[in-house]
Amino acid sequence: MIYLDNAATTYPKPYSVYKAMEYAATFAGGNPGRTSGKMSLEAMKLIYTCRERLAALFHIRDPSRIVFTQNATHALNLGLFGLLSPGDTLLTSVLEHNSVLRPAEALRKIGVYVRLLPADIKGGISPEALRSYLSPPPKLVVLTHASNVTGIINDMEAIGALVHGVGSLFMVDAAQTAGCVPIDVEKMHIDLLAFPGHKGLLGPTGTGGLYVREGIDIKPLILGGTGTNSKDLSQPEDFPERLESGTLNTIGLAGLSAGVAYIEKHGVATIYQKEHDIAGMLLRQLCHIEGVTPVGSGDNRAGVVCVRLSKADYILTAECLSKDFGIITRGGFHCAPLAHKAMGTETTGALRFSVGPFTTMKDVTTAAAALKIIISKKASLP
Amino acid sequence: MLATTASATAATRLQRILKEHGIASQIIGTPAVLSAGGCSYSLRFFDTEKRQDVLRLAASHGIRIRALWKETDDPDMPYVKIYG
């Protein structure tokens, strides 16, 4: 099998991830942060190590400002609903995933003003275009670091500086970049960073998180037991417990911690360069096939390559790649309807290939050759 | 000496920072008699001479220590508050 759906979730994970999860299940079976038994303390240690590693990766000073969630969608919802009230303004973009667009629509219905930035011709966000949307300043700006459709990486240092320049809060959706593109919350002026654990960070599904800068007041979405201040019926103010009611996913977070350790060991810049080079090669090979054109352009891309097929159906092609060649891709709309509209693929969708740290040049060459065969067969049909 | 903290995260974070500075500690559940607000975690230190270092390092990293307690052999008064 050749797995090229890493934008949905990475596979395989490093072997150390599976071992860490086995260790946690076997030796850290107590409830983290609830008792002082040996297994509970071990679970606490594993979870805090995960926070520390993530903090180091994203240049976050205080690991306790990282709140664990089920995934990036959960983290984005926490940021959006935790910060915005009727009368506030949210600025986001057409390149966002439904994890932002659907909460934004729900917020719009209760009286939050929602403004949408357009995509530029390459499939990214232009800092110049953003400038005109910042007056009057929105309360919150939420933008994707890299689109899951075009793969184009936005210039977050320039964008963050503009957003902070007008005093707005800046939340970044790092679903396609956390773990595979360098992120520095200080240099990028990021107030809230939403990330999945199971994509570039190489952890298991069911993990993710939200970084919240110190001093930002955010309402919890879920209230309940935190293992602290139990006699007080009000939710505690301390982070991360304020936003982390209920028992955490120790086994998943132990796996995530091992995934982040793998990234630390190999270097996020090295992983980025490798994925960038392989995705670039794949793009060049795909574009040599008649009837295949890229969605989005530009060299500054994550490991996502989306193409239009003028002679084939995307869903059926993805199915054929899987069934006949053992190549896993994703055809369709990628939960980003406005991005497809911006790129002119709103009626047909597109076929997405996405590479990961274990993808090889041979894998993508095989995938391009397989697509060429499928398309030529379709073209020869009456 | 016991330092009571707000949570498991705060206790673990403080323990790691102190370890980097050569101060050993052990995480324990805060004794019920000291946890006025309900459950929490504490750090137990064996070197009481480090009291000022503990307070300084906690403050410089923004970690709230609720109180410092000296442990005694007196069953009627096992803890004496020395800070907080």
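Because only heavy atoms are used, hydrogens play no part in the values below, and waters and symmetry mates are left out as well, while side chains stay in. Letters go in sequence order (proteins before strands), and every chain restarts at 1.
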Working to the nearest 0.5 Å, report the span between SG of B:C39 and CG of A:N229.
-> 9.0 Å
B:F46 CZ: over 12 foreign heavy atoms closer than 6.0 Å = yes
Take A:K45 and B:R16 through the side-chain contact (heavy atoms from CB on, under 4.5 Å) test and state the conclusion after the steps.
-> CA-CA 10 Å; A:K45 196 172 93 182; B:R16 299 226 172 154; 3.1 Å; yes
Which value, rounded to the nearest 0.5 Å, describes the distance between B:H61 atom NE2 and A:D62 atom CG?
-> 9.0 Å
Applying salt bridge (Lys or Arg N to Asp or Glu O under 4.0 Å), name anything that partners A:E264, two or more places apart in sequence or on another chain.
-> none
Please list all pairs passing the salt bridge (charged side-chain N to carboxylate O under 4.0 Å, His left out) test where one or both residues lie in residues 244-259 of chain A, with sequence neighbours left out.
-> A:R51-A:E244
Heavy-atom count around A:K231 NZ within 6.0 Å, excluding the residue itself: above 12?
-> yes
If you check every heavy atom in residues 2-14 of chain B against those of chain A, which residues fall under 4.5 Å?
-> B:A6, B:S7, B:A8, B:T9, B:T12, B:R13
Report yes if some heavy atom in the side chain of A:M44 is under 4.5 Å from a heavy atom in the side chain of B:Y41; otherwise report no.
-> yes
Contacting region of B:I27 [heavy-atom separation from chain A under 4.5 Å] = both
Pair listing, salt bridge (charged side-chain N to carboxylate O under 4.0 Å, His left out) test, anchored in residues 68-79 of chain B, at least two apart = B:R44-B:E71
With a 4.5 angstrom heavy-atom cut-off, could you sort out which part of A:T49 is near chain B: side chain, backbone, both or neither?
-> both
Take atom NZ of A:K187 as the centre, draw a 6.0 Å sphere, and report whether it contains more than 12 heavy atoms from other residues, nucleotides or ligands.
-> no
